[in-house]
Structures are given as structure tokens and as C-alpha cells.
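Note: hydrogens, waters and symmetry copies are ignored here, and every other heavy atom, side chains too, is used.
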Amino acid sequence: MTSQQRVVVIGGGLAGLRLAARLGPDAQVRVLGEESHAPYNRVLLAEVLAGRYAPAVTALPDPGPVLRRGVRAVRVDRAERRVHCDDGSVETYDTLVLATGSNPVLPPLRGLFTPGGRELPDGVHAFRTMDDCLALAAAVRPDLRAVVIGGGLLGVSAARALAARGAQVVLAQQAERLMERQLDADASALLHAHLNSLGVEIHTQCRVRGLTTTATATPAARPGHAARRVTGVELADGYRLDAGLVVLACGVRPRTGLARAAGLDVREGVVVDDRLRTGDPRVHAIGDCAEHAGRVYGLAGPALEQADALAAVLTGADATGGARGAGYSGTRALTRLTLSTAGTAGTGPFDLAAFGEPTPLPGDDVVRLADATRRTYRKVVVRGDRLVGGVLLGELSTVGALARGWAGDEPLDDLFHLLTDDGGH
């Protein structure tokens with residue numbers, strides 16, 4: 001890439017802005033950001049909802065005129081190398097980068113939409129954007145009955161945040177335990193108990209069938225919402241939960257519509273190779289929308305690594321300033337969540353971390369340390385002399401050291417030392 005080549009990035013989130021920053025001030029980069037807000041770190045939205053952070057705390061560095069806010073790309077013309085936007089403007093590119101992120105999954109619930117409509121009832125919220133977060137924060141109040149649908153990472157984060165705001169929170173999880181993709185049964189049970197201590201009522205193996213609503217006499221309070229308000233949640237067994245607020249935390253799905261319409265290869269995400277290229281060598285994809293080696297990560301860490309790797313590819317330099325630009329070989333992703341902090345409801349800090357392969361294969365060694373009094377749990381899976389996965393809960397000082405050893409694929413020297421409280425120091 002030369003300084004005369006024009007790079008257009010569709011998506012003004014973490015990945016898109018990181019790429020623009022890495023390409024440097026001399027590059028001809030234009031980032032199209034659909035949201036009108038100043039750029040923010042989506043990872044911190046749960047802390048904003050909980051009242052711990054003001055929205056300004058989530059701000060990312062201002063990219064200046066590189067970013068066009070409030071502009072949505074509606075069509076990619078690969079033959080002409082043009083991106084058409086919803087305001088009628090057209091951006092011409094030499095290199096196009098799709099960093100379109102993901103959309104919340106809206107489950108097929110009875111009563112979620114009216115026939116032929118796509119407007120949510122008042123009181124029903126997704127939890128993905130700053131607008132979602134601010135709308136939820138404005139709607140929640142002490143003692144309001146809130147039902148969170150989904151017990152994965154997003155649902156657990158939302159339930160904790162609403163409880164911190166004083167709501168009466170019910171969490172409905174279809175699977176048999178919370179965060180079943182990341183946690184084993186013992187760790188999930190500890191998480192369950194911790195959320196209970198925050199006042200969250202949890203129903204597992206609980207399938208939500210639909211919503212009950214009532215018509216409102218006035219127009220909907222929020223754009224995109226119908227003139228009806230949610231009153232409850234119906235479960236598959238016929239039980240009904242009263243609800244003044246419902247949060248849909250059923251996961252996310254890569255935003256691939258632009259890529260699919262442009263004729264690019266899309267499976268779960270936009271398919272890319274080790275240089276983060278699609279089948280069109282002028283078009284790349286990074287972040288939540290990208291599928292590399294059959295995997296869509298949907299996490300901030302991999303999105304940032306992909307942005308760095310693509311910047312190195314486009315400039316012909318590696319991350320340390322060399323001349324390799326070798327590309328992207330995948331990310332060893334760590335999931336981490338802080339569920340409470342000193343000064344809030346509950347029993348103090350309670351960290352959760354999961355990485356790698358927490359389910360052992362035949363021949364693997366498993367080491368567990370549990371302290372019921374302190375409510376800590378640490379399990380790691382060792383294959384030969386390598387740490388291949390783990391789950392840790394509680395007030396942990398060892399997460400950093402374990403994660404570094406795992407991410408670096410380094411031989412283990414003293415596993416017990418890493419698992420004890422002084423292991424990270």
C-alpha cells in the first residue's frame with residue numbers, strides 16, 4: 001500500500017478505528033461509522049449500565065476527520081470500487097475493509113413483533129450499542145421487575161448491571177447452566193450462587209415462549225418501538241413472569257449483509273484468509289464480522305489483533321516495524337468479566353476468566369483448587385508440559401500469569417505457584 005492508495009473502512013468500532021490508527025496519519029483512510037456517538041469501547045457498556053462509569057469513560061481516542069459519523073454503507077460496488085451510503089454519498093476505494101461488527105440475535109418469540117412489523121414493544125431492549133445502554137439506564141428504576149433472556153456472557157453482564165441499579169432481576173437461561181460455553185459445572189454453580197447473592201433470580205433449563213404486551217394510549221417512547229408495552233414473559237411450561245423491562249441477551253450474529261450482497265463468500269462470517277482477504281483481493285474483513293479458519297471470535301481481543309495484523313499486511317511491515325507483514329494466524333482468546341466491585345451489592349470483587357480448552361481430552365491432566373470460604377475456583381487443563389485451558393472464578397491475582405503462559409504456549413515451570421494467590425506477582 002502506498003500513501004496514495006485510498007482505504008475505506010466500513011465500521012467505526014474498535015476494529016475499524018484501531019486499523020485506521022495503525023495505518024497512520026499519512027494514509028488516505030476514511031472510516032464510515034453508522035452510530036452518531038463519538039467512538040466508544042463496547043466492552044465497557046455493562047459498567048455504564050451498572051452506574052459505575054459515565055459514558056464519557058468509554059470514549060476511544062478521537063480519530064478526527066478520518067471518521068464519518070452517522071453514515072451507513074448500503075451497497076458495495078466491487079466492479080467500480082465504490083461504497084454507496086444512505087445519505088447519497090459515494091466513497092471510492094483502492095482497498096476496502098469490512099469491520100461491520102455484529103447484530104444482537106432477536107429470538108422468535110410470540111408477541112415480540114406484530115404481524116408484518118419489526119418494531120419492538122416499549123420496555124424490550126437489546127443490549128449491544130451505546131443507544132441500547134442509555135435507553136436501558138433511563139428505563140430501569142429501583143424495584144422494577146426486569147427479565148433478562150439469555151444466560152451467556154452478555155446476559156450475565158446485563159443481569160449484574162441491572163441488579164446494581166436496584167431492579168428485581170430474573171435471568172432466564174435455556175441451557176442447564178450459566179455460561180455453558182465457557183464454564184464447567186462447578187464454575188457455573190459458583191457463578192449462579194454469586195448472582196443470587198446480588199439478588200438475581202435465576203431459572204435454568206427455561207425456554208421463553210413469548211411476551212405479553214398491552215396497547216399504550218400514546219406513541220412509543222423510543223423510535224423503532226411500537227405503541228405497546230411489555231407486561232410479562234411467557235415460559236414454555238406455561239408459567240408467566242411479570243416484567244416491566246425485558247433484555248434480549250441471546251447472543252450476536254455477524255453483520256454480513258453487505259458482503260453477501262456484494263457476492264463475497266459468507267458462511268457464519270465473511271470468510272478471510274491469513275492475510276484477512278476475502279475472495280476479492282481488494283476487500284478485507286476484520287472483527288466480529290470476519291470468519292478466519294472456520295472461526296468467528298466475537299471478542300474485542302481478536303478484533304484488535306486482526307486490525308494490527310491487517311495494518312502490517314497493508315503497509316508491508318510487521319507489528320514491530322519489520323518488513324514481514326506475515327498476516328494473521330488466529331487469536332488465543334481470553335474471556336474475562338468482573339461481576340462486582342467493592343462498594344456495590346454482593347460480597348466484593350468476583351472475577352471470572354476462561355480460556356483455551358477447559359474440557360480435558362483423554363490423557364490430559366486436570367488441576368483444581370477450590371476454596372468454599374473465599375468462593376474461589378481454579379481449574380486448569382495441562383497437556384504434556386503445556387497449559388491448554390482453564391476456568392478461574394473469585395478474587396483472582398493469578399489470571400494474568402496463567403493467561404500469559406497459555407497465550408505464549410510456554411512450557412510450565414511451576415503450575416502450583418501460578419495457581420496460588422501470589423502467582424501473578
Colleague: Whether the Q5 and Y93 side chains hold a donor-acceptor pair (N or O, under 3.5 Å, no angle test) is what I'd like checked.
Modeller: no

Colleague: Is a donor on one side and an acceptor on the other found under 3.5 Å between the side chain of T213 and the backbone of R229?
Modeller: no

Colleague: Step by step, would you call L369 with K379 a side-chain contact (heavy atoms from CB on, under 4.5 Å)?
Modeller: CA-CA 7 Å; L369 293 178; K379 166 193 167 182; over 6 Å; no

Colleague: Looking just at side-chain N and O atoms, do Q173 and E180 make a donor-acceptor pair shorter than 3.5 Å?
Modeller: yes

Colleague: Go through the steps for R42 and R128 under the test side-chain contact (heavy atoms from CB on, under 4.5 Å), then give the verdict.
Modeller: CA-CA 8 Å; R42 199 182 307 278; R128 182 64 181 162; 3.6 Å; yes

Colleague: Is the CZ atom of R141 crowded by more than 12 outside heavy atoms at less than 6.0 Å?
Modeller: no

Colleague: So among V8, L17, V7, I10, which one has a side-chain contact (heavy atoms from CB on, under 4.5 Å) with V31?
Modeller: L17

Colleague: When you check the side-chain N and O atoms of D280 and T278, is any donor under 3.5 Å from an acceptor?
Modeller: no

Colleague: So, D131 versus H37: side-chain donor-acceptor pair below 3.5 Å or not?
Modeller: yes

Colleague: Taking atom CZ of R386 as the centre, report whether more than 12 heavy atoms of other residues, nucleotides or ligands fall under 6.0 Å from it.
Modeller: yes

Colleague: Any non-hydrogen side-chain atom of R78 less than 4.5 Å from a side-chain atom of L96?
Modeller: no

Colleague: Given 3.5 Å as the limit, does a donor-acceptor pair link the side chain of T315 with the main chain of A311, or not?
Modeller: yes

Colleague: Do V48 and Y53 come within less than 4.5 Å of each other through their side chains, counting heavy atoms only?
Modeller: yes

